2 protein chains.
Amino acid sequence: MQRYCFGADIGGTAIKIGLFSEKGDLLEKWEIPTRKEDEGSHILPDLALEIEKKCFERGILKDSIIGVGLDAPGPVSDDGMIHGCVNMCWGEFNFVDEFRQLTGIRNVKAGNDAKVAAFGEHWRGACQNGGSMVLVTLGTGVGGGIVINDKILQGANGAAGEIGHMVVKRGETEYCNCGKQGCLEQYASATGIVRLCKQYLNREDWPSVLRNTQEVTAKNVLDAAKAGDKLAAAVVDEVCRYLGMSLANVSCVVDTDMIVIGGGVSKAGSFLLEQIEKYHNQYAFSSSRGKRFEIAGLGNDAGIYGCARMILEG
Amino acid sequence: MQRYCFGADIGGTAIKIGLFSEKGDLLEKWEIPTRKEDEGSHILPDLALEIEKKCFERGILKDSIIGVGLDAPGPVSDDGMIHGCVNMCWGEFNFVDEFRQLTGIRNVKAGNDAKVAAFGEHWRGACQNGGSMVLVTLGTGVGGGIVINDKILQGANGAAGEIGHMVVKRGETEYCNCGKQGCLEQYASATGIVRLCKQYLNREDWPSVLRNTQEVTAKNVLDAAKAGDKLAAAVVDEVCRYLGMSLANVSCVVDTDMIVIGGGVSKAGSFLLEQIEKYHNQYAFSSSRGKRFEIAGLGNDAGIYGCARMILEG
């Protein structure tokens with residue numbers, strides 16, 4: 001009998017769902033909208049129904065489902081408790097128990113989205129040859145996940161891998177979303193890059209294509225830097241310095257085999273990667289220099305792969 | 001039959017040796033000098049002889065020795081290779097194999113001194129109730145070791161836990177022993193505290209008891225700060241701010257249950273600990289605040305305990 005598993009990456013706007021073979025091959029992926037109304041109470045029932053529909057469509061019997069892996073953008077304990085999730089309008093409840101009841105599927109596992117994405121990337125993305133890995137995700141925020149000995153590093157309070165909230169600057173006057181000042185996220189997220197760029201535009205009188213842009217975005221800044229715009233290049237240099245220094249500090253703590261950069265900003269590719277690596281090696285302890293740097297390979301699918309891996313390697 | 005193991009912590013001036021029962025109780029400890037002449041070639045033979053003498057003295061048969069754990073102040077791989085050790089005048093060689101040949105004891109294990117000390121402290125010191133732990137050792141330098149799931153975090157290049165070489169300041173003009181600039185060790189080691197204090201003495205015109213001291217030492221500075229000396233207190237505040245910020249960044253990476261402060265400087269006790277904890281909580285990501293802070297409990301014996309643990313839990 002063919003056996004299957006599902007992975008579902010629950011995000012603020014969409015739930016990405018993947019159907020996987022027993023071997024971990026992605027057979028099909030699709031999305032449904034995340035209905036956040038009524039305190040997010042439709043989200044898990046919608047997902048349960050979607051899985052039921054897919055099984056019916058493909059003639060998959062419940063007995064042949066190995067399990068379902070889930071992730072969400074909030075802290076999730078090993079027992080499946082989700083401790084609040086602002087994006088979903090969720091409070092504290094047991095994610096895994098509720099989904100078991102909705103589906104009758106026993107083998108349900110859940111994790112935090114950034115950590116699970118790292119777990120997926122490590123399995124089928126940039127780190128397929130094994131070894132330990134740090135994934136840093138540069139998107140609206142800066143997320144992170146660490147995989148050592150083929151396990152996600154969770155941390156005592158689920159906060160391991162919160163690389164975006166390492167303090168990189170003393171004396172910052174603006175606040176990070178987390179309430180602190182000087183977090184890496186304030187400089188290296190898409191939002192941070194735009195913020196930094198606006199500071200440069202106000203402070204310097206250098207000519208720049210970004211002065212004539214209707215809306216400055218992280219992509220604009222990176223594209224302009226690639227094209228040789230001096231101001232944009234200075235912004236990207238500063239972003240990469242903060243990232244390289246933070247990752248060098250991460251290397252002083254966990255010293256992984258590999259560092260992987262993901263998220264929307266990482267689409268700038270080797271242009272970005274080489275500058276981050278240069279600063280990492282400048283700030284890193286000697287024996288930690290020269291580790292492998294890669295751009296994440298799975299893009300937005302890292303989450304569903306990680307969800308599937310929780311089930312297939314569990 | 002009673003069974004025993006030995007732990008030997010090989011340092012730059014002395015080798016500390018402990019004889020342990022099978023249960024991990026320390027039965028006896030003593031030291032021999034570290035003879036570094038002739039490229040450190042006497043060190044292991046001296047230790048082998050010392051263990052032989054102790055067995056003879058106590059009537060311990062070779063069959064009743066479970067094993068010998070060793071540590072040294074250099075990078076040691078899992079297979080027992082030591083990759084250079086400046087303090088011992090050692091190059092690269094297999095530490096474990098050589099000691100096996102010298103003694104005929106098969107079960108020999110070896111590790112890096114800071115990591116092994118963390119392993120010992122976690123076992124019989126400040127963290128006996130379990131959980132994960134970071135140990136930061138404030139001595140001539142700043143060392144560190146991390147224990148997660150009862151295992152030492154080694155790192156891909158043996159550099160996990162090198163907390164002393166996290167960069168905490170951009171724009172530092174002096175150099176760390178490691179060749180970088182702005183490492184935590186430059187501010188929070190005994191040497192770093194003295195350096196910082198001298199900067200304050202030159203820069204500020206505040207009266208201070210330290211102006212009349214023949215030689216400024218880290219202990220002087222800490223004692224003066226405790227007694228209310230304004231200049232000394234400002235130095236200690238800055239040291240604790242750097243330490244607290246670095247440890248908050250460590251918490252963003254590994255988020256352990258506990259943070260333990262050891263080394264000579266930690267003799268300042270709760271006076272120091274409370275200030276480090278205050279700054280940790282100020283700079284830490286919200287869910288990482290409020291973890292347990294303790295002063296190391298084993299002092300200089302942490303190394304021999306960690307060596308014994310490698311054997312008894314191996």
Side-chain angles (χ1 to χ4, degrees), chain A residues 74-75 83-84 131-134 144 146 148-149 151 153-170 176 178-185 241-242 244-259 279 282-292, chain B residues 74-75 83-84 131-134 144 146 148-149 151 153-170 176 178-185 241-242 244-259 279 282-292:
Chain A
H83 302 281
S132 54
M133 183 195 87
V134 171
I146 300 170
I148 297 176
N149 294 331
K151 296 252 180 316
L153 193 64
Q154 298 286 359
N157 310 288
E162 283 290 357
I163 293 165
H165 300 287
M166 294 176 82
V167 174
V168 293
K169 189 178 174 182
R170 269 170 66 176
C176 180
C178 77
K180 297 196 296 162
Q181 290 170 299
C183 292
L184 176 63
E185 180 163 304
R241 185 188 282 272
Y242 280 124
M245 194 176 90
S246 300
L247 289 169
N249 285 347
V250 172
S251 292
C252 282
V253 183
V254 286
D255 182 29
T256 54
D257 291 288
M258 200 168 173
I259 293 175
Y279 283 118
Q282 176 179 323
Y283 288 110
F285 188 58
S286 55
S287 50
S288 272
R289 285 170 204 153
K291 54 183 78 227
R292 229 155 30 104
Chain B
H83 303 280
S132 53
M133 183 196 86
V134 171
I146 299 170
I148 297 177
N149 293 332
K151 298 253 179 315
L153 193 64
Q154 298 288 0
N157 310 287
E162 283 290 356
I163 293 165
H165 300 287
M166 294 176 82
V167 174
V168 293
K169 189 178 175 181
R170 271 169 67 176
C176 180
C178 78
K180 296 196 297 162
Q181 291 169 299
C183 292
L184 176 63
E185 180 162 305
R241 185 186 281 273
Y242 281 125
M245 195 176 88
S246 301
L247 289 169
N249 284 347
V250 171
S251 292
C252 281
V253 182
V254 286
D255 182 29
T256 54
D257 291 288
M258 201 168 170
I259 293 177
Y279 283 118
Q282 177 179 322
Y283 289 111
F285 187 59
S286 55
S287 51
S288 272
R289 285 170 204 153
K291 53 182 80 229
R292 233 163 19 112

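All chains are named by letter (A, B, ...) in the order of the sequence lines, taking the proteins before the strands, and each is independently numbered beginning at 1. What you see is a predicted model; the values in this text were computed from it and never measured.
Only the backbone of B:Thr256 comes within contact range of chain A, with heavy atoms under 4.5 Å apart. Residue B:Ser246: no heavy atom, backbone or side chain, is found under 4.5 Å from chain A. For B:Lys291, the part lying under 4.5 angstrom from a heavy atom of chain A is the side chain only. Contact annotation for B:Gln282: only backbone heavy atoms (N, CA, C, O) come within less than 4.5 Å of a heavy atom of chain A.
No hydrogens or angles considered: nothing links the side chains of B:Asn249 and A:Asn249 as a donor-acceptor pair under 3.5 Å.
Taking CD1 from A:Ile148 and NZ from B:Lys151, the interatomic distance works out to 13.5 Å, rounded to the nearest 0.5 Å. Once rounded to the nearest 0.5 Å, the distance linking CG of A:Leu153 with CG of B:Leu153 reads 7.5 Å. Taken to the nearest 0.5 Å, the OG atom of B:Ser287 stands 6.5 Å off from the CD atom of A:Glu162. A distance of 8.5 Å separates NZ in B:Lys180 from OG in A:Ser286, rounded to the nearest 0.5 Å.
Residues A:Arg170 and B:Met245 have side chains in contact (heavy-atom distance under 4.5 Å, counting atoms from C-beta outward). Using a 4.5 Å heavy-atom threshold, the side chains of B:Val253 and A:Met166 count as touching.
By the ring-ring contact (aromatic ring centres under 6.0 Å, His included) test, A:Tyr283 is found to be paired with no residue, residues two or more places apart in sequence or in another chain being considered.
The two residues A:Gly158 and B:Asp255 make their nearest non-hydrogen contact at N-OD2, 3.3 Å.
When each of B:Gly164, B:Gly131, B:Gly161, B:Ala248 is scored by its heavy-atom pairs under 4.5 Å with chain A, the top score falls to B:Gly161. Of the listed residues B:Arg241, B:Gln154, B:Met258, the one with more heavy-atom pairs under 4.5 angstrom with chain A than any other is B:Arg241. When each of B:Gly155, B:Gly144, B:Ser288 is checked for heavy-atom pairs under 4.5 Å with chain A, B:Gly155 comes out on top. Among B:Val134, B:Val167, B:Asp257, the residue making the largest number of heavy-atom pairs under 4.5 Å with chain A is B:Val167. Most heavy-atom pairs under 4.5 Å with chain A, from the set B:Ser251, B:Ser132, B:Cys183, B:Ala156: that is B:Ala156.
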